[in-house]
Amino acid sequence: MTSMTFWMLAATFLPVAAALLLLFVPKENRKVFEWGSLLAMLVSFAISVPFFFAYDRGSAAVQWAYAAPWISALGVKFSVGMDGISLLLWLLTTFIGPIGILCSWEAIQERRKEYYIWMLVLQTAMLGVFITQDMFLFYLFWEVMLVPMYFLIGIWGGPQKLYAAIKLFLYTLAGSVLMLVGILAIYFLQKKVTGGYDFSIASFQAMAPVIAQQAKNWQILVALAFFVGFAIKVPMFPFHTWLPDAHVQAPTAGSVILAGILLKMGTYGFLRFLLPILPDATKQLMPWFIALALIGIIYGALVAMIQKDMKKLVAYSSVSHLGLCMLGMFALNPWGLKGSLFQMINHGISTPGLFLAVAVVYDRRHTRMIADFGGLSKSMPVYATIFMIMTMSSIGLPLLNGFIGEGVILMGTFQAYPWAAVVATTGIILGAAYMLWMFQRVMFGPISKVNEEMSDMTTREVLTFAPLVVAAFWIGIYPSPLMKIMDAPVAKLVEQVQPGFFKAEALAEKQAAAAKLGMKGNAAPAHHEAAPTEHGAPAHEAPAPEHGTGHGGGH
Amino acid sequence: MTYAWLIPVLPLLGFLVNLLVGKKVGKGFVTAVAVGSVTLSFILAVRLFLAMKGADGHRLDLAYFTWMQTGALTVPFGFTVDPLSGTMMLVITGIGLLIHLYSVGYMHEEEGYYRYFAYLNLFVFFMLTLVLGDSLVLMFVGWEGVGLCSYLLIGYYFETDYAPDAGLKAFLTNRVGDLGVAIGMMALFAAFGTLTVSGILTQAGHLAPEVGFGFLTFATLMLFVGATGKSAQLPLYLWLPDAMAGPTPVSALIHAATMVTSGIYLICRLAPVFQLTPTTLTVVAWVGGLTALFAATIGLFQRDIKKVLAYSTVSQLGFMFLGLGATGFAAGFFHVFTHAWFKALLFLGAGSVIHALHHQQDLFKMGGLKSKTPVTFWTMLIATFAIMGLPPFSGFFSKDEILYLAYLKSPLLWVIGVVAACCTSFYMWRLMALTFWGEPRDHHAYDHAHESPKTMTVPLMVLAVGSALFGFWGVPEAFGGHFAIGEWLKPALTFGQLHGEHGHHAGPAIALAATSTVLGVIFGLFGWFKYKDGLAWEEGFIAKFPAVHRVLLNKYYVDEAVELTILGPLRWFGNVCWKLFDVILIDGVGVNLPAALTKVAGDFVALFQTGRVRNYVFTMGLGVAALLYMLLK
């Protein structure tokens, strides 16, 4: 185990270690729980940051890998490591963690000890999902994650918390079980082919060619098992109705983590398992997937538009935004996948920000109804500014993060399915409509007496938002560092799903250039020959997975 | 040229400073920062403009760094200064500066003074980014950014109901257009593999006429959709008249002189690509012409002085598009340039009137202000001459050039343009007569009326000079000139390629110009005569043609139609989605029904789990009896 691997595990398991320590603290010590859990999250984040810089952008391989035998008879290993995709989501998780704690200090007034312990356990479970390289371990973390969330909503939630918590639990469990069926189907197929048991993700991905030779129906059934499992988590239409309930009932931190990280488990699952393991079946089902993504985009936006509860509005906006995220992914080209990854990160920044913004007024007035507010810009100017930044980030204004995600997704989708991109843009228009309409009704217009007396944000509240605002601007203004991390793993994924994609693209480009030359005899040929290098795309020549190497070095 | 980046960045800094500390420090400081930053950036802009003028091929490419680099896409961050962007840059910083100065007087009582100037500075930053950006991505950043500023400034009076509504309407209507631009960009990227302006134009030049023009037409049409949003053309013009809810200087700067012309700028920037798609150009010409006429007719009977000017702006923007569509890119841009001066002047003049009358905007409550506000009167008079196209004021040359090209494209377009121009003359003279001539119709306001302070009148005078003289930059050949602005813009508009502008034949040019000018004057005089003594003529008109008047006053009921056919159904459908699908079908039938059935089944089975021994013994007895019966049968 290298020292980096050690620190990766340290950052992942530090929260749960802190939770174990807090178990021994008497429950009256409020400050110990609040500061202790914040400290654990912050240290975990601090440990995670260097990984951003240490990551070798040229390689698509799993980095800082480590594997120890665990249950050898079943082929289960304790196998960890990260590629660029997991790294980004892992970092997002350590980043959101402290925010979740900080926004709970005032909001949580009872059973603090259990609350913070569950938050810490949840954090480790989520981080674990992103570092694991073993299917068994993955499933373990995936299931463990559900328990703290269930309690967070069920104990500290709103009036209908039990309904929401049980709904969340059953929905997700149903998805997990289906996913398990899918995993086992491939597991036993693998045994039949190779004669051994191996739960490693790499070996599952290596099964793709074998799977492609199985009966069509078998492939499609397995793909559907994975699809439903992940689609519930995302959530995609029509598996989404647990989400608004969970969000509305959850305490603020619950919503923040639910929106920020938990939903990304679903999208991550798609990227990690469905696409690389079952590429053929996925492509066959693609028209349906795309239809569901598009419905989700527009449906979520339409339903969000007529909500009267701010939290419910934001919850439905998640359905719409994640529909876009899925659409980008289903384009199955580098643009779409990168945009999808961006959208995961962006949604993990904007939507927690919006939930926090709702919480600010909820903590003061104990209502989330849009109609109860109005004119808050007058009494809470700082809040107005921050809320506006988060709103603009969510609707994809340039120089803020959302723009990069939406733009790149649309680029990718347009290349693959132009009409789908055009349809998706209506969702983006509606997105601006419901967000700004809510913003207007809350922040502008005549102000009532009770709203005029509301105090502006406290320092703690500003501090909770600050990292989100900074991140939103950073990604919006200078997304290149993140993009570089995605390059190699995304290229590898594209090659897994669409073998020969890059070769075909390079060929098409050459043909187009030749056609242009042929038709326009006197055009300057130098220009076209120079084209690939001019556009900085050595990607087009090198086959993946080594493909990324040339890429990182080139620039 | 290392200082060039400061031109947009200075106003950005002004924005940040004023937003962060403006509330705490005094208005003097806010003014110094806001006006100072724009002044400096204007001075630098002049320097840069002169440097560009001296440069080879009138073009400076200032590359700063690689902004985004992934796969086949490289987006550099850099500026292009050429005759087109250079002229716009001067207009933005120059007129921007005048309007900043004017605002110092106009807004001095406002509580949100710092906020106002912060947004105004931010606008200048984004507008410069839009104009100078060397890639479509950077231009799009500016494009969306000015939209944001427009939204913020329209909603400046946020404690009212109407201003935030107007802001929202503006933002959303523009969003529709913006996505057109986004799709157009994607299509251009798909066609050319690059998003830098120079890259696209270079490749467009190499394109043989057979290659994928259908696709290119799609791309340019989409870009034009974007232009109709930002530049308020049919059918996306709806937001601009409402945008008058913002402070008047904002209407002058953003909603008359600069931002609303960015659609025209975008098309000029990509002129060589639009040249390749004649279908699009025809669409542009007709949409422009129809908008010019449509908006002008709405302007005829509006009562709010700013509304008249707003519809006038929509109409004038239509003229510009008409020019572009008639492949007169230089002519269209020429009108952008002259219009910037006289329309800014008209708005600022209207602002001065409103200021004098303590926020009275209703023309029917004005009258007789000629002697009370002489500077405002005389400067607005010059602007009126310019907009009605009276020679030799600036509007004459630019509008005449457009009408001439429209005639070459299709005589019907010329007729439409001339009718629109006649309406323009009429409503402008109606506005002037109702404001400055006749008896005051609101004596209280009239008695307290006064000329505006120097910070407001000086900008009026400067703009008046521009409105009077800047037409001479483009005197057409028919009048002995050589359309200098066309020559000046040529390298930018053709990008060094062969297909260029129309040649200028004298032909019917003089006859056409004479006809339209004489008609314009007649309608102007008509308006003035009918309104200089009061409202009698209009009251007579209402009595005679109530329906016509009502339809025009209510803007053809387009807003109502949109509400009825688009917004209402959308909300209805949202409700259906939510209540029918989510609540009843998915949650009700799909989730809660099985749950309820499970519960019912559980409850039923639980009936047998009573916990009472006698029940168990009884059922056991029954079972034993049944078994015995079966065994012994």
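Since we're looking at a predicted model, the values are computed, not measured. Quick note on labels: first sequence line is chain A, next is B, and so on, each numbered from 1.
- Looking at A:Met443, only its backbone comes within 4.5 Å of chain B, counting heavy atoms on both sides.
- Between the side chain of B:Trp67 and the main chain of A:Pro479, no donor-acceptor pair closer than 3.5 Å is present.
- From B:Glu144, atom CD reaches atom CG of A:Leu397 across 5.5 Å, with rounding to the nearest 0.5 Å.
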So B:Asp165 and A:Gln440, side chain to side chain contact (heavy atoms under 4.5 Å, CB included) or not? Walk me through it.
-> CA-CA 8 Å; B:Asp165 275 344; A:Gln440 175 191 347; 2.6 Å; yes
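- Under the 4.5 Å side-chain criterion, counting only non-hydrogen atoms from C-beta, A:Leu410 is not in contact with B:Met185.
- Contacts between A:Pro238 and chain B at a heavy-atom distance below 4.5 Å involve backbone atoms as well as side-chain atoms.
- For B:Leu195, the part lying near chain A is the side chain, with the backbone staying farther off; criterion is any non-hydrogen pair under 4.5 Å.
- The shortest distance between side-chain heavy atoms of B:Leu570 and A:Leu430 falls below 4.5 Å.
- There is no contact between A:Phe239 and chain B, counting heavy-atom distances below 4.5 Å.
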Check step by step if side chain to side chain contact (heavy atoms under 4.5 Å, CB included) holds for B:Phe77 and A:Tyr478.
-> CA-CA 11 Å; B:Phe77 190 103; A:Tyr478 196 56; over 6 Å; no
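- For B:Lys23, the part lying near chain A is the side chain, with the backbone staying farther off; criterion is any non-hydrogen pair under 4.5 Å.
- Side chains of A:Ile429 and B:Leu172 form no contact here, defined as non-hydrogen atoms less than 4.5 Å apart.
- Only the side chain of A:Pro381 comes within contact range of chain B, judged by heavy atoms closer than 4.5 Å.
- Residues B:Leu152 and A:Met388 meet the side-chain proximity criterion, which asks for heavy atoms closer than 4.5 Å.
- No other option in A:Met392, A:Gln307, A:Gln415 has as many heavy-atom pairs under 4.5 Å with chain B as A:Gln307.
- Under the 30°/60° scheme for interplanar angles, the aromatic rings of B:Phe140 and A:Phe403 are found to lie parallel.
- For B:Ala187, the parts sitting under 4.5 Å from any heavy atom of chain A are the backbone and the side chain alike.
- The contact between A:Leu436 and chain B is made by backbone and side chain atoms together, counting heavy-atom distances below 4.5 Å.
- Of the listed residues (B:Asn575, B:Thr160, B:Val137), the greatest number of heavy-atom pairs within a distance under 4.5 Å of chain A belongs to B:Asn575.
- Contacts between A:Met411 and chain B at a heavy-atom distance below 4.5 Å involve backbone atoms as well as side-chain atoms.
- The structure places CZ of A:Phe414 at 7.0 Å from CD1 of B:Ile183, a figure rounded to the nearest 0.5 Å.
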Tell me, with the steps shown, if B:Phe158 and A:Leu376 meet side chain to side chain contact (heavy atoms under 4.5 Å, CB included).
-> CA-CA 10 Å; B:Phe158 68 81; A:Leu376 292 187; over 6 Å; no
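- Put simply, of A:Val490, A:Leu170, A:Ile306, the one with the most heavy-atom pairs under 4.5 Å next to chain B is A:Ile306.
- Only the side chain of A:Ile404 comes within contact range of chain B, with at least one heavy atom under 4.5 Å from a heavy atom of that chain.
- Under the 4.5 Å side-chain criterion, counting only non-hydrogen atoms from C-beta, B:Glu159 is not in contact with A:Ser377.
- Ring orientation note: the planes of B:Phe581 and A:Tyr299 are nearly perpendicular, at an angle over 60° on the 30°/60° scale.
- Among the candidates B:Ala190, B:Ala595, B:Gly574, the residue making the largest number of heavy-atom pairs closer than 4.5 Å to chain A is B:Gly574.
- Residue B:Cys577 comes nearest to A:Leu302 through the heavy atom pair SG-CD1, 4.4 Å, listed as atom of the first residue, atom of the second, then distance.
- A:Trp242 does not touch chain B: none of its heavy atoms, backbone or side chain, sits under 4.5 Å away.
- Within the 4.5 Å cutoff, the side chain of A:His240 has heavy atoms near those of the B:Ile586 side chain.
- By number of non-hydrogen pairs under 4.5 angstrom with chain A, the leading residue of B:Leu148, B:Asp582, B:Val583, B:Asn592 is B:Asp582.
- A:Gly445 and B:Pro164 get closest at one heavy-atom pair: N-CG, 4.2 Å.
- The two residues B:Arg175 and A:Ala432 come nearest to each other via the heavy atoms CG-CB, 3.7 Å.
- Considering only heavy-atom pairs separated by less than 4.5 Å from chain B, the leading option among A:Ile447, A:Val408, A:Ile395 is A:Ile395.
- Inter-residue side-chain proximity for B:Met186 and A:Thr413 is flagged as unmet; no heavy-atom pair is nearer than 4.5 Å.
- Here B:Leu168 is the residue among B:Leu19, B:Leu168, B:Val176 with the most heavy-atom pairs under 4.5 Å with chain A.
- In this structure, B:Phe573 and A:Met305 have side chains that are not in contact, with every pair of non-hydrogen atoms separated by 4.5 Å or more.
- Chosen from B:Asp161, B:Val75, B:Asp178, B:Asp587, the residue pairing most often with chain A at heavy-atom distances under 4.5 Å is B:Asp587.
- By the 30° and 60° cut-offs, the orientation of the rings of B:Tyr151 relative to A:Phe444 is tilted.
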